[in-house]
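A short worksheet on the structure shown next.
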Amino acid sequence: MNANQQIAILGSGNIGLSLAKGLVTANICQPSQVILTRRNIEALASYEEQGYQTTSANLKAVKKADIVVLAVLPQQLNKLLDEIKPAIKSEKQLLVSVISGVSCDDIRRYLEMNIQVVRAMPNTAIAIGQSMTCIATDNGTPKNVNLVRSLFNTVGVTIQINEELMTSATALCACGIAFFLRSIRAASQGGTEIGFHAQDALRMAAQTAKGAADLLLQLSSHPEQEIDKVTSPKGCTIAGLNEMEHHGFSSAMIKGIKFSAEKAGELYHED
């Protein structure tokens with residue numbers, strides 16, 4: 001973003017506010033270039049003190065913006081698009097959608113205009129700059145795709161995928177945060193059952209999970225390759241793994257991800 005551009009984040013909840021903070025922290029823009037909207041404007045008071053523009057008027061925000069981030073719930077999208085449509089300049093603005101289950105074409109067809117739309121699917125680790133954000137588009141230029149990736153690279157890691165996989169990305173990355181958190185919680189409960197205090201067990205489980213993830217990311221390794229390093233014949237690790245598999249550990253995770261993907265694809269079309 002150059003110094004004359006402004007970005008409006010419509011629906012400044014956890015994702016939108018984390019993105020705003022990431023952009024400013026990374027010096028992508030100044031707080032004065034970011035317009036935050038929310039129905040409860042009082043919740044943005046601290047951001048206004050920091051120099052961000054804040055308003056409850058989405059139409060007003062869009063009139064001033066070069067980049068418009070749509071960050072509301074799927075069920076709220078059509079109402080929002082009706083509200084901002086008079087201010088949209090299709091030839092000059094870029095829409096960025098972080099809304100689950102809504103395609104670029106869905107947005108263009110509802111607006112009845114040929115505006116560039118890029119979708120981004122971050123997860124809640126965006127709050128600490130560790131989001132895995134998937135980027136997709138069906139009509140965005142490479143320049144605009146790279147722009148969106150640069151925005152979300154300030155709050156984690158991005159990958160560009162085919163748009164048809166965005167609903168799947170929602171299940172694997174956005175919902176996936178909860179799945180991995182639940183597995184860490186289960187591990188900590190197991191730790192408590194074998195003798196550790198709950199707080200210690202949780203810290204040990206969380207750090208162990210973090211170490212496992214870093215092994216894969218930093219070494220570009222495969223899970224089974226790292227598993228083989230810690231399993232020995234007739235050992236306790238393989239015994240524990242096999243017991244979990246007998247009770248459907250991997251199957252349950254796979255089924256949960258598939259079910260979440262199916263649900264994510266229905267959100268926009270639910271009454």
Side-chain angles (χ1 to χ4, degrees), residues 14-15 74 98 100-101 119-136 152 155-268 270:
N14 293 332
I15 297 296
V98 298
S100 300
R119 293 176 66 185
M121 182 49 59
N123 59 37
T124 55
I126 193 174
I128 57 169
Q130 292 293 327
S131 177
M132 176 67 252
T133 302
C134 295
I135 307 291
F152 283 91
V155 285
V157 176
T158 64
I159 182 173
Q160 185 177 354
I161 63 175
N162 292 332
E163 193 188 1
E164 64 190 31
L165 291 173
M166 282 298 278
T167 300
S168 299
T170 302
L172 184 59
C173 300
C175 303
I177 281 282
F179 304 153
F180 288 111
L181 289 172
R182 179 57 62 84
S183 69
I184 292 171
R185 174 59 175 156
S188 74
Q189 290 176 313
T192 301
E193 188 161 336
I194 60 177
F196 295 103
H197 290 293
Q199 185 175 358
D200 291 338
L202 180 57
R203 184 177 183 185
M204 293 161 70
Q207 179 58 40
T208 301
K210 182 177 184 295
D214 284 344
L215 279 174
L216 304 183
L217 294 172
Q218 295 183 24
L219 301 181
S220 298
S221 186
H222 189 279
E224 291 304 323
Q225 182 179 348
E226 297 304 324
I227 288 172
D228 286 347
K229 293 177 183 178
V230 73
T231 53
S232 54
K234 296 185 178 181
C236 55
T237 304
I238 192 62
L241 283 172
N242 286 343
E243 183 68 14
M244 293 178 193
E245 291 300 336
H246 289 322
H247 290 278
F249 178 79
S250 293
S251 178
M253 179 74 86
I254 293 166
K255 288 180 178 178
I257 290 171
K258 289 179 66 178
F259 192 78
S260 285
E262 292 171 6
K263 180 65 175 179
E266 300 169 356
L267 293 176
Y268 179 54
E270 286 185 349

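Residue indices begin at 1 and follow the sequence shown.
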Q) Rounded to the nearest 0.5 Å, what separation is found between the OG1 atom of Thr167 and the NZ atom of Lys263? A) 13.5 Å
**Q.** Shortest non-hydrogen separation from Ile238 to Thr231 and the atoms involved
**A.** N-CG2, 4.0 Å
Q) Going through the checks in order, is the side chain to side chain contact (heavy atoms under 4.5 Å, CB included) test met by Leu219 and Glu226? A) CA-CA 10 Å; Leu219 301 181; Glu226 297 304 324; 4.1 Å; yes
Q. Mind checking what makes salt bridge (charged side-chain N to carboxylate O under 4.0 Å, His left out) contact with Lys210, not counting sequence neighbours?
A. Asp214
Q. Given side chains that start at C-beta, do those of Ser131 and Phe152 come closer than 4.5 Å, heavy atoms only?
A. no
(Q) With rounding to the nearest 0.5 angstrom, report the CD to OG distance, Gln199 to Ser188. (A) 11.5 Å
Q) Are more than 12 heavy atoms from other residues, nucleotides or ligands located less than 6.0 Å from atom CG of Asp200? A) yes
Q: Identify the two heavy atoms, one from Ala171 and one from Phe179, that lie closest to each other, and give their separation to 0.1 Å.
A: O-CE1, 3.7 Å
Q. Shortest non-hydrogen contact from Glu245 to Ser250?
A. OE2-OG, 2.6 Å
Q) Do Leu216 and Pro223 come close enough that some side-chain heavy atom pair is under 4.5 Å? A) yes
Q: Sort out for me which residue in Thr158, Ile126, Ile159 forms a side chain to side chain contact (heavy atoms under 4.5 Å, CB included) with Met132.
A: Ile159
Q.
Measuring from atom CG of Leu165 to atom OG1 of Thr170, what distance do you get when rounded to the nearest 0.5 angstrom?
A. 10.5 Å
Q.
Show the nearest heavy-atom pair for residues Thr237 and Val230, with the distance to one decimal.
A. OG1-O, 3.2 Å
Q: Please report the closest heavy-atom contact between Thr192 and Ala198, naming both atoms and the distance.
A: OG1-CA, 3.6 Å
Q: Carefully, step by step, assess Leu181 and Arg185 under the rule side chain to side chain contact (heavy atoms under 4.5 Å, CB included).
A: CA-CA 6 Å; Leu181 289 172; Arg185 174 59 175 156; over 6 Å; no
Q) Shortest non-hydrogen contact from Ala120 to Ile135? A) CB-CD1, 3.7 Å
Q. Atom CE of Met204 and atom NE2 of His197: how far apart are they, to the nearest 0.5 Å?
A. 11.5 Å
**Q.** SG on Cys134 to CD1 on Ile161, rounded to 0.5 Å
**A.** 4.5 Å
Q. Between OG of Ser221 and NZ of Lys229, what distance do you get to the nearest 0.5 Å?
A. 5.0 Å
Q: Check step by step if side chain to side chain contact (heavy atoms under 4.5 Å, CB included) holds for Glu243 and His246.
A: CA-CA 5 Å; Glu243 183 68 14; His246 289 322; 4.3 Å; yes
Q. Mind checking what makes side chain to side chain contact (heavy atoms under 4.5 Å, CB included) contact with Glu164, not counting sequence neighbours?
A. Asn162
Q: Side-chain contact test, heavy atoms from C-beta onward, threshold under 4.5 Å: evaluate it for Met166 versus Glu163 and give yes or no.
A: yes
